[in-house]
There are 2 protein chains.
Amino acid sequence: MFSFSEENYLKAIFHLERKYQAGVSTNALAEEMETKASSVTDMIKKLSEKELVIYKKYQGVKLSELGDKTAIQVIRKHRLWEYFLVEKLNFNWDEVHDIAEQLEHIKSEKLTQELDKFLGFPKRDPHGDPIPDAEGNFSVANKMLLSELGKAEKGICVGVKDSSSEFLRFLDKNNISLGKEIKVLEKEAFDGSMLILIEERELRISQLISNNLYIKIQ
Amino acid sequence: MFSFSEENYLKAIFHLERKYQAGVSTNALAEEMETKASSVTDMIKKLSEKELVIYKKYQGVKLSELGDKTAIQVIRKHRLWEYFLVEKLNFNWDEVHDIAEQLEHIKSEKLTQELDKFLGFPKRDPHGDPIPDAEGNFSVANKMLLSELGKAEKGICVGVKDSSSEFLRFLDKNNISLGKEIKVLEKEAFDGSMLILIEERELRISQLISNNLYIKIQ
DNA sequence: ACCTATTTTTAGACTTATCTAAATTTATTT
DNA sequence: AAATAAATTTAGATAAGTCTAAAAATAGGT
């Protein structure tokens, strides 16, 4: 159907559209894909011919309905495989991304469906991101960043914005994981750091940390 | 490490070396890979530069130690994934080949090991072929073709030579599966067909069938 | 509205894996 | 041993995806 490279572009466009709530510029896409703008232009033309994106010269791209659907299916596979790796094969949540980047391109509708069933139709991947169902629907939870919480407010940790190994290992080291309740005890206006209560422990975290943790409030 | 295409060539050379107990000719490889002899020559040169094969112009190829090891690792992954698809995801044994052809190229040592562990270190794939262990060792069972059995002899069905969907579905339809005992009741010299006894049922099968079923005798 | 800076596109080149057609080497037959 | 057939390799071309460098279009500042 589509090549690995095409699927990766679609995925990148999908994420950038969400992030900026707008069409995606050639340069932004080049940065996301870690490639050059000229390569992006070439690929965009190809995707446009295949009607996966809507493209007008110098005006950036956005996904067509087909492109959107395709991107979501790739993301669905990525997140299902991540869940599989963590839940069934004993991987840590910071080790799964690169392998899922490969597995997401395996072509078999039946494989995806059966894997989903085998895993019990999970709703979220190990990083708290929603897993689209077979029809491409997924919940956009009413989550917010921990840094947005005020003093004495609390919520449940439901996801990470940055899912780099470094950040995830930091969380592991400090025993912060999805599902745990976090309460803000103090907030330092000067540097944005905060003192939080998690599992009876008090912990001081920098703004960089609270800016990358998603919280759901009751 | 190596490209999909390189890995597929190594696998093909591996199988042809086994099949003919000899070095592999360019044409034989072209047929196996469903490509042209000139393409094979090009690829062989590349594999030779990478020291995966031993090649002298006009003399065919054979795998180097590294090539052999690499081919076995690809085959290990292929067969582990086939086992996974059948045992965990409810695939039928005739549906797994094409998906395993994709999955066998996923690069992650840890993934392979954990998958192997998760599956309980299976020794054989759904078609009865041995699964190499992490060190690349696998048993070469003392199996023979059903067609080699004489009248009144019997054995356990342990594998298939042809693993095409058509053949496997034929076996399913006739309730022939691995592990079952088969006894030769009659053998027709004229066309090589035989009457067999399997699970109290009598069944007449052509030589094409008995030539593609592996049997282990006690 | 013009000039400059930035962004985007085009043009031409490279790599991988493939192809066709022609040339060369090896094998076979008489 | 020469002639022919078969197998193999070479040469040149193509497509996908990338690159660099140059050209073109858009956006911003005064």
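Chain naming here is simple, since letters A, B, ... match the order of the sequence lines and numbering starts at 1 in each.
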So, does [X] get its side chain near the phosphate of [N], meaning an N or O under 4.0 Å from OP1 or OP2?
{"X": "K45(B)", "N": "dT10(D)", "result": "yes"}
{"X": "S5(B)", "N": "dT16(C)", "result": "no"}
{"X": "S3(A)", "N": "dA16(D)", "result": "no"}
{"X": "N27(B)", "N": "dA6(D)", "result": "no"}
{"X": "S39(B)", "N": "dT18(C)", "result": "no"}

Is Y55(B) touching bases, backbone alone, or none of the nucleic acid, heavy atoms closer than 4.0 Å?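 Here Y55(B) touches the backbone only, sparing every base.
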
Sugar-phosphate only, base, or nothing, as touched by S38(B) at under 4.0 Å among non-hydrogen atoms: base

Between [atom2] on [N] and [atom1] on [X], what's the gap in Å once rounded to a whole number?
{"X": "I44(A)", "N": "dT7(C)", "atom1": "CD1", "atom2": "C1'", "value": "12 Å"}
{"X": "M43(B)", "N": "dT15(C)", "atom1": "CE", "atom2": "C1'", "value": "13 Å"}
{"X": "F2(A)", "N": "dA15(D)", "atom1": "CZ", "atom2": "P", "value": "20 Å"}
{"X": "L29(A)", "N": "dT9(C)", "atom1": "CG", "atom2": "P", "value": "11 Å"}
{"X": "Y9(B)", "N": "dT18(C)", "atom1": "OH", "atom2": "P", "value": "5 Å"}
{"X": "K57(A)", "N": "dT8(C)", "atom1": "NZ", "atom2": "P", "value": "14 Å"}
{"X": "Q59(A)", "N": "dA25(D)", "atom1": "CD", "atom2": "P", "value": "13 Å"}
{"X": "E6(B)", "N": "dT15(C)", "atom1": "CD", "atom2": "C1'", "value": "12 Å"}

On DNA chain D, check which nucleotide each of D42(A) and T41(B) is closest to and give me the residue with the more 5' one. T41(B)

Given [options], which nucleotide is nearest the side-chain atoms of [X]?
{"X": "S25(A)", "options": "dT10(C), dT9(C), dT8(C)", "result": "dT8(C)"}
{"X": "Y58(B)", "options": "dT18(C), dT18(D), dT9(D)", "result": "dT9(D)"}
{"X": "K36(B)", "options": "dT10(C), dC19(D), dT20(C)", "result": "dT20(C)"}

Evaluate whether atom [atom1] of [X] has more than 12 neighbouring non-hydrogen atoms of other residues, nucleotides or ligands under 6.0 angstrom away.
{"X": "Q113(B)", "atom1": "CD", "result": "yes"}
{"X": "K107(B)", "atom1": "NZ", "result": "yes"}
{"X": "K50(A)", "atom1": "NZ", "result": "yes"}

Member of K77(B), R79(B), R76(B) meeting the salt bridge (Lys or Arg N to Asp or Glu O under 4.0 Å) criterion with D125(B): R79(B)

Is it true that S25(B) and N27(B) share a donor-acceptor pair across their side chains at a distance under 3.5 Å?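 S25(B) and N27(B) do not have a side-chain donor-acceptor pair below 3.5 Å.
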
